[in-house]
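The structure appears below as structure tokens.
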Amino acid sequence: MDEPVLRVRGITKRFPGVLANDHIDLELRRGEVLAMLGENGAGKSTLMNIIYGLYTQDEGEIYINGRQVEIRNPEDAIRCGIGMVHQHFMLVPVLTVAENLMLGMEHVRGYFFLDKERTIREIEALSKQYGLEVDPRATVEDLPVGAQQRAEIIKVLYRGAEILILDEPTAVLTPQEADDLFMVVRSLTEQGKSIIFITHKLREVMEIADRIVVLRGGKLVGTTTPAETSRAELANMMVGREVLLQVEKEPAAPGEMVLAVRDLRVLDDREHPAVNGVTLEVRAGEVLGVAGVQGNGQRELVEALTGLRKVTGGQVQLLGHDTTHAAPRQVIEIGTAHVPEDRHKHGLVLAYPVEDDLVLCTYYLPPFTRSFNLQPYAIETNAVNLVDAFDIRTPTVATPASSLSGGNQQKVIVAREFSRNVKLLIAAQPTRGIDVGSIEFIHKNIIAQRDAGVAVLLVSAELDEIMALSDRIAVIYKGEIIDTVPAETATREQLGLLMAGVHEAEAGD
Amino acid sequence: MTTETDASRGAESKLGLFSRRVFISILSIVLSLVIGGAIIALSGGDPIDGYLGLWRGAFGKEKAVVETIVKTTPFIFAGLAVAVGFRGGLFNIGVEGQLFVGSICALIAGYAVELPPGIHAAFALLMGALGGAVWAAIPGYLKARTGAHEVITTIMTNYIALRVINWSISQNGPLRLPGSALPETRRVLDSARLPSLTDTTPPLHIGVVIVIVAVFFVYWLLWRTPLGFEIRTVGLNPSAARYAGIKVERTIVLTMVISGALAGLGGAVQVLGLLGYFTTGFNVGLGFDSIAVAMLGSNHPFGVAAGALLFGVMDAGMKTMQLRTQVPRDIVVIIQGLILLFVAAPLLIQPLFRLRQVGEGEQVSISATWGGEG
Amino acid sequence: MNRVHRLFACTLLLALVLTLGGPALAQDECTVKIGLVTDVGRLNDQSFNESAWKGIQAAAEQLGLGEECYNYIETQDTADYIPNIELFIDEGYNVIITSGYLMTSATREAGLLYPDVYFIGTDQDQTTTVMVQLAGAAEETAVFVYDPIPNVAGLVFDESVAGFLAGALAGQMTESNVIAGVYGTDIVPPVPRFGMGYEQGAKYVNPDVEVKAAYHPGTPDVAFVDAQWGSETAQTMLNEGADVIFAAGGTTGNGGLIAGCTAGYPVIGVDFDQYYTVTEVQSCIITSATKDLVNGVRDLILAVADDTFVGGNVFGPAGLAPFHDWEEKIPDEVKAKVEEIKGMIAAGEIETCPVDDEKYGAACIMSGLGRGLPDAAMVMSDYCSACHDAERIETNVAQGLDWWTTTLETMMSQDGGPELTADDVKVILQYVHQ
Amino acid sequence: MLDANFFTALLSLSLVKATPLVLGAMSGILCERSGIINIGIEGMMLMSAFAGFLGAVFSDSLWVGVLVGVLTGAVMGAFLALLSIRYKVDQIIGGTVINLLAVGITSYFAVIIIDNQSLSGIGVLPIIQIPLLADIPVIGPILFRNQPITFMMLILVFVLHVALFYTPWGLRTRAVGEHPRAADTVGIRVNRMRYLDTTLGGMMAGLAGAFITLESVGSFESGVMTNGRGFIALAVMVSGNWRPINALIIAYIFGVSDALGVRLQLGDVNQLATLLIVAGLGMLIGGALWALTKYLGRRDENKVPVTQIALAVAGLVMVLAPAIVEIPETNIPFQFLGLPPYILTIIIVAGLVGNVRPPAAEGKVYEKQ
């Protein structure tokens, strides 16, 4: 076996308060797919950003084909043949695919004019070679997510990358698109490219990887191959203790109807249809999980139900009230709690002290307001109680929300929404990007709300979370609920097919 | 690990942030005065004598103190108007126009209606505030309804207000004092004049008391009422405000209305308290200074009052300074610019005086994107 | 510390060193202490503020006064007129010059408040406004009565004479028979007086000439300092065929002069001989319509020094500046014609400012000139002697303005009483008040 | 009298009035396309007008003055960038600081340098007439008989348009303004790009300043010189959707309404009739052009651009109206004649802002980590 294409030795990186990478050694051989597995916050992205030159390591060296290299910025990385496909695409939405690709290394015609034609020809050649068809003239923001990712990959190849780093590529794809990606990965490795595949999804690792390394808390905790290990063992290495995959909960006892949605139609920000005739019901004391890949209309559905987005068709009944065109305040006052998908945009005012964020929806009601006057003491005591009850790690109640960790910020939102006596709880991506401890805490609270008779509508892209918490699971695909299945009998494969829009009957394999 | 969550620690950190900001403001003022002195010296003037003149002009004699206070009053009203705007996430540059419209409305209410003394003055003040409020509601409504950025629309309302008022007091304009060859309006009836505490010119009118009440009112409104909470929430994060059920559009218009009312009230006080009529060249140039005052006071009512006093002292003192030292009075505008620079860029002065690293919270930020709601 | 902070540190040091070494203020004796309070605007606006200051400097030179015996304050806000005047008086100044028409009432008010201080107001017609209820009139009309105050002198000029002569010159020099006037604001009467004179003068020598005129739309504090508007307005008129530009209105006017000259046309300046102040138009400025403010102010200050100061309106000379570079270019018969007109105006044969012009006629009426007013004796005899005998009238003359205003009003209100016009009332009151 | 001479005079004055607005708008475009909000255009113009004037007087050459003005603009632009990038000052406050300092410094030193030594200007840049082209009846004098900076403005509009959309520098500037992280990952130095673009933006504002003192007025008047043009330029930039050619068109509309205000004041024309005709012409040409671009744009969709054609027809009717029906003489006070540009700004900004799109990452400091 010749020299490894890429070797890193003793890579260490400290951020204020956390040791992101702790003396990591790693090797990547030519034509190999190395899967890098690890929890959110385990240091995967930090390591890759160091290799790609976005961050500079505090200690350690990087070797390309046996030769040590200094990578201070992405330009050095590109010169060493390293290319990175980011989780949030590094494409400029308003520019065309061709413009995005030639950004930074433009072909020039006549001293200073861009040579767009030549670039387009080169892109078409590359996409044929690796089976990545995408229209170079299209503007990026008009392309579907899958096509944008293909454009990102071509962008890396266009720069002559030998080593490709794919950072959580399947997070935004349907299972089918994921399979197409795996085919592309195989064709790339056959043509001599080497790939580092970052993910926290166990199933993918088993299917695509030649070798697997696992990171936890910034340290390399193990190297293995799919053949030598099992998903349970990988999960254990990832989390370092027995993962409570299954939340203990008794079977649900659905009560009276709380939310009834008939043939709901909603448009997205660019006036295209996002929700095309959704019909669903949620009863008291029941968790209805809405599974589906991001971008299939979940965000618009949730915003429509909570009054944040105009409804263009259909009807919404909440506890007997017609809330189809209700304003957000009306929906809240009827008795709805809403854990928003984007906690920084909707959930919190980051500049506010924690105590003000905790009364964001109820500031105008007693005890917080009496005869047109805010009661600072009442707001403060309410905050102190909630901070204890929901174990929010904050120095004081006056500390701005911006200085809390992601998990604690989410707990502030949960504390605010769960402490109000509500009949309906809508939770969108409640545990995205937060530490494991907080995830378990929030899941327990959701189940507690359900057992207390609250109707819960859970929208999440994490299939495991949906399967763990839901009593019934509705799968949404291109703005329609194509099927609703009881949670106990649902299997991952079945849900995977549904999420890709393939009905049980048609599958018939 | 356990965390103490007692309330006292919360208050102390709030105080910590406040005293730091006051320290930065004082530091900025001192540094600007020193650099101003250097400029005076470089251009042949005598800084010590100049600043002595400034001090004597502002506080030298009883009459000077009165003039300083009277000059500070409109700065406070205008500064409060801009500060309320900033708190609501709106950059209201139209304060000058709103102030003029307030003056005119108070003037008309002052001579066109007969009422018993106390009530007439109150009525005229109310009309002034109403005038400013309505004039500010236009850019507010446009921002809420079409997203048209208020920086541009408020400036345009300034020019429109100035031009129309200029016509109204021109040769054959409706408000012109009949038969007068000067561009002056009719006189306000005595029953509408604000009583004066001293007989000096300019009179120390009770407008000064009204403005102090206004400062406390704005503090109470912003931090002690639900409406204030809504205004501040919309200002910091409109999406979260919408999520919390706050009617963002209504709040934007209300913020501009309150801001305009404060400016209008300021205009009314000037007409009813100071001159008793309106003429050209009256209260010119308040617009931009009020923005500097608001920023200097980091958009907090008490901060604005202090910032306004600083501008009032400079305005009152600059005449005597120029009298005694032949230093052009524009040095004061340079000093005001420098003070705003150092207050807005603590990083600039931080290494000079080994301040602790400037925290995120302290940067005053209002940069909203231009187009429709982001 | 990186480069920027070292820069700040050394500015700091420099400032500290300098501020410690400043000299103390010197106090010494001045025979006369002169203070100039400018109108809202800059001292150096190349118009009435600046000419007042030049007049003070000339007087100070003649009286051998030191620098600290005369000073100026630039008013920023109309509310500061009186406070600024009082600031000077508190500092011991005994001669206060206020510049510009807008300060008329403030100067007179101060004059009454401080009788032992001398006030000189440029372009300030010394009148009081009396509100008289004329017979059959809905509202009271204002009547301006000439009312001099002993320690207040108004340095006024009949600008329409200078304007007339400039118009006569322009009327003859134009080839396209279209001439233009770019003016400051019509709110300040001296400006429309120049404009009316210019139009009358041009039409007098060249009946079918077209005179384009534009007044600045802004308020006085802007109208005299907007050179951009002046130059663009002049350019518009030039594009429409005008070939002589007369510009009257501080730097706004200067903008017009520069625009005219750049396009290669003859221009006419105003106030003082602008050949020396707007040097970039020396090649095309054929003359300036002058009103000698500088010497006017100087003479009044000297009058204070040798105790010959008299209150009321003081008329300064108004005429044309020399032709400088255009001395040969202007044909002799044109010069002769202008000289002839000058003589006829002096003899009163030409009316340089039509009182009845509906737009700007009011500006022509100046109390000192009595222009356009009926003759006092004739009015008295027509109306009063009808029912009262002469000597009873004589005895009541000393009653003063208010008594006469009320009696006139009562007489007019009785039916069959005299039908007096505003001018008649004005003449009577003026005669009585003398 | 409404004849060809009237329209040529009016439309050529409009171009003169539009020049500082377009240059100011381009200054805004350069800064904001790279991600720095610049509301200090007013202050940059004032400072460069002052420095340019001094440069011209002391060097006794107008062109050296223009150069000094442009360089001052560059320094001011760099100062704004330094404040925004290195010292993380909120960009709107940074702009306000620049405006305040500019007014203070120019007024202070104007008194010290210009007034005390009674300096006077050295005239304005000469009017250049392009031989053949200027003789074309109406268009000739408007486009081909102008002063140098007006010509430079017209050239710069097209140069900037081509540079922004057809050159590597333009592509990188737009990327830095829209998605700085993406630009960083392909090796573009984001902050260095922003320093460069803001400095270039400052130079545009510098040229606008030089126009005011060295081409239009010929003297420096402290305080009131720019009187709000910097902010109208902002409105032009926003409603022109950050595109140079749109900015030229909208600025020209302002120019016409501004020039009309001055022209109607001369009083020898029927004011209402002129207003109708000029507005009608604007709508006719505007509607036609807009319809053309819409039609060419979507050849496949056969949707007829109805609204644009209606606009053009309405314009035609207004132009012909005065010939048909007798329009009464009016005497609108000249203060009102000055109002159209300001009212127009509000209508345009309120009307268009719905579908304009600012650079996404504008106003945000770019941090590596």
Side-chain angles (χ1 to χ4, degrees), chain A residues 13 15-16 20 45-46 48-50 52-56 71-79 82-86 88-96 98-116 119 139-141 151-152 155-156 158-159 165 167 270-271, chain D residues 29 32-35 88 90 158-194 196-197 200 241-243 246 297-300 354-362 364-369:
Chain A
K13 178 69 182 178
F15 286 117
S45 297
T46 311
M48 286 311 124
N49 280 331
I50 289 172
Y52 188 61
L54 277 171
Y55 302 160
T56 37
I71 298 184
R72 280 181 312 286
N73 51 45
E75 227 165 313
D76 300 345
I78 293 169
R79 236 182 297 105
I82 302 173
M84 186 158 176
V85 175
H86 300 262
H88 306 294
F89 297 131
M90 287 300 157
L91 297 171
V92 184
V94 286
L95 301 180
T96 66
E99 283 173 338
N100 266 291
L101 265 59
M102 63 180 168
L103 187 61
M105 46 188 295
E106 298 82 3
H107 289 301
V108 171
R109 176 168 49 81
Y111 302 110
F112 39 78
F113 289 105
L114 290 172
D115 188 346
K116 286 185 182 166
T119 314
T139 320
V140 165
E141 64 183 350
E152 179 97 355
K155 176 170 138 185
V156 166
Y158 182 73
R159 278 168 170 59
I165 307 170
D167 184 358
R270 296 210 318 283
E271 313 289 327
Chain D
I29 290 172
E32 302 209 1
R33 276 276 180 185
S34 73
K88 299 185 178 41
D90 176 284
F158 290 98
V159 165
L160 184 62
H161 180 80
V162 165
L164 256 182
F165 300 105
Y166 296 101
T167 68
W169 166 81
L171 183 64
R172 295 182 181 205
T173 298
R174 283 182 289 146
V176 159
E178 292 290 334
H179 193 315
R181 204 149 207 11
D184 190 8
T185 55
V186 288
I188 296 172
R189 301 270 179 305
V190 173
N191 284 333
R192 185 173 299 178
M193 206 60 193
R194 287 183 170 177
L196 169 69
D197 290 345
L200 287 174
N241 207 4
W242 287 267
R243 299 175 75 90
N246 295 9
R298 293 201 212 86
R299 238 173 260 93
D300 39 28
N355 41 40
V356 288
R357 212 178 140 162
E362 209 183 22
K364 302 184 188 67
V365 181
Y366 178 64
E367 300 288 357
K368 206 94 170 103
Q369 259 70 3

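Here the structure is a predicted model, which means the values were calculated and not measured.
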Heavy-atom closest pair (A:I78 atom, D:T185 atom, distance to 0.1 Å) is CD1-O, 4.1 Å
Heavy-atom check, side chain of D:V186 versus side chain of A:R159, under 4.5 Å
yes
Inter-residue atom distance D:T167.OG1 - A:R109.CZ, 0.5 Å rounding:
12.0 Å
A quick test of your reading: do over 12 heavy atoms of other residues, nucleotides or ligands sit less than 6.0 Å from CZ of D:F165?
yes
Per-residue contact mode, A:Y52 against chain D (heavy atom under 4.5 angstrom)
side chain
I need the contact set between residues 187-194 of chain D and chain A: heavy-atom distance under 4.5 Å, sorted by residue number.
D:G187, D:I188, D:R189
Which residue, A:H107, A:M102, A:E106, forms the side-chain contact (heavy atoms from CB on, under 4.5 Å) with D:P168?
A:E106
Within residues 171-178 of chain D, residues adjacent to chain A where the heavy-atom gap is under 4.5 Å:
D:L171, D:R172, D:R174, D:A175, D:E178
With a 4.5 Å cut-off on heavy-atom pairs, point out which of A:M84, A:E141, A:K155 contacts chain D the most.
A:E141
Nearest atoms (heavy-atom pairs only) where D:A183 meets A:L103:
CA-CD2, 4.3 Å
